[in-house]
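To start, the structure itself, in structure tokens.
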Amino acid sequence: MQRVRVRFAPSPTGYLHVGGARTALFNWLFARHYGGDFILRIEDTDLVRSTEESVQAIFDGLTWLGLDWDEGPGKDGDHGPYYQTERLEIYRRYAQELIDKGRAYYCYCSPEELDQRRKELLAAGQAPRYDRKCLGLSAAEVERYKAEGRVPVIRFKAAEVGRTIVDDLVRGKVVFENEVVDDFVIVKSDGMPTYNFAVVVDDHLMEISHVIRGEDHLSNTPKQIQLYEALGWEVPQFAHISMILGPDKTKLSKRHGATSVIQYKDDGYLPEALLNYLALLGWSYNATDNLFTKEQLIEYFTLDGVSKNPAVFDYAKLQWMNGVYIRQTSVERLTDLCRPFLEQAGLITRDLSPAELARLTKIVAEMQTRLKTLNEIADLTSYFFTDVEYDEQALKNLRSELAPQVLERLAADLEGMPEFTQAALEAEFAKLMEEFDVKLGKLIHPVRAAVTGRAVSPGIYETLLLIGRDEVLKRLRAGAAKAKELLAE
RNA sequence: GCCCCCAUCGUCUAGAGGCCUAGGACACCGCCCUUUCACGGCGGCGGCAGCGGUUCGAAUCCGCUUGGGGGUACCA
């Protein structure tokens with residue numbers, strides 16, 4: 001078997017989309033599995049839509065996911081350059097070769113004219129294919145067009161009979177009648193190659209062995225195969241993976257939720273979680289496993305496991321998986337990951353003293369089983385850093401005859417306690433349980449409400465300890481006052 | 001319009017003619033654990049799009065219908 005060389009070839013016209021990331025991932029896994037090369041190529045021939053920021057977004061997204069490339073921008077190999085706009089001379093050469101071979105020709109039809117004729121054909125119920133008006137242009141006609149100031153495109157002279165078969169690794173043999181492919185443009189009037197042309201030239205010159213890409217490219221493949229054949233080149237292996245859909249089964253887009261890889265980072269997803277989830281969209285290893293490390297994915301990934309049906313992006317499952325990875329990671333790393341979110345919420349500062357960091361780490365540890373995404377950390381832990389604000393449920397838990405008594409009594413006892421420890425707290429609550437003759441829960445609910453302003457928090461002892469004695473006393477007394485106030489109403 | 005792809009629980013999927021009274025995961029619903037919320041454990045709900053074939057036997061093969069997706073650009 002020849003050396004495996006695959007590529008991810010995005011066009012830099014926006015952020016890195018999760019669909020693109022999934023294509024990159026499959027290519028990357030394929031390369032790593034077979035010990036081949038993963039190449040990154042930037043398809044920036046659309047001068048209008050391509051931007052520098054988008055190129056950076058692609059780098060950032062891939063890097064965040066840990067998808068490193070063996071050749072590409074910033075990593076020169078023997079097959080560069082890796083930006084198509086830097087390869088124009090190459091495309092020009094092969095376009096000329098096709099013209100010389102009689103397999104391509106200049107076309108002076110304007111977009112407006114083409115559009116009109118296309119509409120006419122459509123209206124007549126016919127396939128909207130190019131009518132070859134410019135195929136046999138005489139020298140005089142060419143001169144006339146030039147005099148009119150027309151700038152030509154170059155069209156490929158497609159086969160008119162027979163059929164082109166795409167032998168696809170995931171879909172099997174797909175047959176296209178050649179009569180359905182018309183003389184498509186290979187070089188635009190601005191001198192840029194079109195996608196179908198550049199992709200063939202580059203994939204050949206870069207010695208790509210397998211073209212793994214989205215299913216939206218399947219219909220273009222016969223054009224590309226005809227180009228390979230006209231140029232006398234070997235056709236690579238194709239594998240078209242299905243699309244990623246939104247919950248309404250249409251192509252995934254912004255209105256379905258986040259589609260940008262970096263958006264997931266900003267929303268508090270771990271890269272390994274997104275990676276794992278993406279791997280499962282359209283690929284599976286066996287009937288039972290869902291969780292895979294990157295190493296396992298590399299070991300298990302083959303095209304056999306790729307399914308043909310489109311996959312709906314399931315935010316709920318991604319979220320569950322993110323929770324799994326949050327629980328799996330170390331508290332230290334989790335703390336580091338949470339810090340930017342807490343900083344952004346204004347709950348902590350960028351620089352923390354060792355004591356502050358130690359406390360933060362304990363707080364994060366308490367949240368580890370409660371987080372689905374990192375960005376939840378701020379809301380879940382705000383009362384550890386700021387004054388309490390009672391929410392509705394907390395107010396309810398405070399509104400009882402027992403509450404003020406319990407809170408005041410507890411405050412008094414805690415103040416005089418020799419040690420503020422979990423054991424001491426447990427003993428104290430046990431004592432109060434007897435004194436007030438109530439179950440533990442009856443005690444805890446108002447205390448939690450007073451101390452956190454919430455009905456939900458970590459275990460009460462852990463919470464009290466993390467808030468600290470002085471602050472606890474303050475909050476208990478404030479809570480007692482609030483409770484009385486509520487009763488008076 | 002024409003061409004191509006796809007079709008198993010709500011979702012991702014296992015299933016490559018008898019192992020399927022269709023398995024797993026997420027979601028959902030119960031129960032257990034429990035000071036709340038999570039986590040965890042246990043259980044439940046729920047599907048082979050329809051119709052015709054082929055076969056002793058079909059989720060699995062074939063055809064049609066229906067539904068969804070993609071392409072049909074001087075976008076990629």
Side chains of residues 433-447 of chain A: which donor-acceptor pairs under 3.5 Å do they make with residues two or more places apart or in other chains?
residue, atom, partner, partner atom, Å
Glu435(A), OE1, Arg409(A), NH1, 2.3
Glu435(A), OE1, Arg409(A), NH2, 3.2
Glu435(A), OE2, Arg409(A), NH2, 3.1

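A 3.5 Å limit on both hydrogen-bonding distances identifies no Watson-Crick or G-U partner for U21(B). Nucleotide G1(B) forms a Watson-Crick or G-U wobble pair with U72(B), both donor-acceptor distances falling under 3.5 Å. The partner of G46(B) cannot be assigned: no Watson-Crick or G-U wobble pair with both contacts below 3.5 Å exists in any strand. Across all strands shown, U66(B) is found opposite A7(B) as a Watson-Crick or G-U wobble partner, with both distances under 3.5 Å. Remark: U35(B) base-pairs with no nucleotide in the shown strands. Criterion, Watson-Crick or G-U wobble with two distances under 3.5 Å. Shown here, A16(B) forms no base pair; nothing in the strands shown gives a Watson-Crick or G-U wobble contact with both key distances under 3.5 Å. Base pairing of C61(B): its partner is G53(B), meeting the Watson-Crick or G-U wobble criterion (both donor-acceptor distances under 3.5 Å).
Under the 3.5 Å distance criterion, the side-chain polar atoms of Asn322(A) are matched with a main-chain donor or acceptor of Gly268(A). When atom types are taken as modelled, the side chain of Arg469(A) and the backbone of Leu414(A) share a donor-acceptor pair closer than 3.5 angstrom.
Using cut-offs of 30° and 60° for the angle between ring planes, the Tyr264(A) and Tyr315(A) rings count as parallel. Below 30°, between 30° and 60°, or above 60°: for Tyr108(A) and Tyr106(A) the angle between ring planes is between 30° and 60°, a tilted geometry.
Arg448(A) comes within 4.0 angstrom of a base, heavy atoms only. Nucleic acid contact class of Pro458(A) (heavy atoms, under 4.0 Å, all strands): base. Arg327(A) comes within 4.0 angstrom of the backbone, heavy atoms only, and of no base. Using a 4.0 Å heavy-atom distance criterion, Ala455(A) is classed as a base contact. As judged by a 4.0 angstrom heavy-atom cut-off over every strand, Val185(A) is placed among residues touching the sugar-phosphate backbone only. Across all strands shown, Ser219(A) has heavy atoms under 4.0 Å from base atoms, whether or not it also approaches the sugar-phosphate. No engagement by Tyr277(A) is indicated, since no non-hydrogen atom pair under 4.0 Å with the nucleic acid exists. Nucleic acid contact for Gly214(A): none, since no nucleic acid atom lies under 4.0 Å from a heavy atom of the residue. Residue contacts shown for Asp314(A) include a base, since a base heavy atom lies under 4.0 Å away. Counting any heavy atom pair closer than 4.0 Å across all strands shown, Val175(A) reaches sugar-phosphate atoms only and no base atom. Residue Leu218(A) is in sugar-phosphate contact alone, with no base atom involved, counting any heavy-atom pair closer than 4.0 Å across all strands shown. Residue Thr288(A) is classed as a sugar-phosphate contact, given heavy-atom separations below 4.0 Å to backbone atoms only. Nucleic acid contact for Glu43(A): sugar-phosphate only, since backbone atoms but no base atoms lie under 4.0 Å from a heavy atom of the residue. At the heavy-atom level, Pro310(A) lies under 4.0 Å from the strands shown only through sugar-phosphate atoms.
Both Lys173(A) and Asn220(A) lie near RNA chain B, and the one whose nearest nucleotide falls closer to the 5' end is Lys173(A). For the pair Lys372(A) and Ser110(A), nearest-nucleotide mapping onto RNA chain B gives the more 5' position to Lys372(A).
The separation of A16(B) from U21(B), taken at their C1' atoms, amounts to 22 Å, rounded to a whole angstrom. One P atom belongs to C20(B), the other to U34(B), and the distance between them is 39 Å to the nearest Å. Distance noted for atom C1' between G67(B) and C39(B): 41 Å (whole Å). Using atom C1' as the reference point in both G47(B) and U13(B), the two lie 12 Å apart (nearest Å). The separation of G23(B) from G43(B), taken at their P atoms, amounts to 14 Å, rounded to a whole angstrom. Between G24(B) and C45(B), the distance separating the two P atoms is 12 Å to the nearest Å. Comparing the P positions of U8(B) and A59(B) gives an interatomic distance of 15 Å, to the nearest angstrom. A14(B) and G70(B) are spaced 26 Å apart, taking the C1' atom of each and rounding to whole Å.
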Go through Leu337(A) and Leu270(A) one step at a time and tell me if the side-chain contact (heavy atoms from CB on, under 4.5 Å) criterion holds. CA-CA 9 Å; Leu337(A) 290 168; Leu270(A) 306 197; 3.6 Å; yes

Take Arg7(A) and Asp202(A) through the test salt bridge (charged side-chain N to carboxylate O under 4.0 Å, His left out) and record every step on the way to the result. CA-CA 10 Å; Arg7(A) 84 304 195 275; Asp202(A) 289 344; over 6 Å; no

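Side-chain contact between Tyr145(A) and Leu137(A): present, with at least one pair of heavy atoms (C-beta onward) separated by less than 4.5 Å.
Remark: Phe301(A) engages Phe26(A), Trp283(A) in a ring-ring contact (aromatic ring centres under 6.0 Å, His included) (not counting sequence neighbours). Residues passing the salt bridge (charged side-chain N to carboxylate O under 4.0 Å, His left out) test with Glu408(A), sequence neighbours excluded: Lys484(A). A search for side chain to side chain donor-acceptor pair (under 3.5 Å) contacts involving Arg22(A) returns nothing, not counting sequence neighbours. Judged as a salt bridge (charged side-chain N to carboxylate O under 4.0 Å, His left out), and not counting sequence neighbours, Lys249(A) has no contacts. By the salt bridge (charged side-chain N to carboxylate O under 4.0 Å, His left out) test, Asp115(A) is found to be paired with Arg118(A), Lys119(A), residues two or more places apart in sequence or in another chain being considered.
Between Asp203(A) and the choices Arg41(A), His210(A), Gln224(A), the side-chain hydrogen bond (donor to acceptor under 3.5 Å, both in side chains) rule is met once, by Arg41(A).
RNA chain B is contacted by no residue of residues 402-409 of chain A, taking any non-hydrogen atom closer than 4.0 Å. A heavy-atom distance below 4.0 Å to RNA chain B is reached by none of the residues of residues 427-440 of chain A. Shown for residues 388-398 of chain A: no residue has heavy atoms falling under 4.0 angstrom of RNA chain B.
Once you apply a 4.0 Å limit to the heavy atoms of chain A, the touched nucleotides of RNA chain B run 5' to 3' over G1(B) to A76(B).
Applying the salt bridge (Lys or Arg N to Asp or Glu O under 4.0 Å) rule to pairs touching residues 150-161 of chain A yields Glu113(A)-Arg150(A), Arg132(A)-Glu160(A), Glu148(A)-Arg150(A), sequence neighbours excluded. The salt bridge (Lys or Arg N to Asp or Glu O under 4.0 Å) analysis of residues 211-228 of chain A, with sequence neighbours excluded, yields the pairs Arg171(A)-Glu215(A).
Salt bridge absent: Glu120(A) and Arg117(A) never bring a charged side-chain N and a carboxylate O closer than 4.0 Å.
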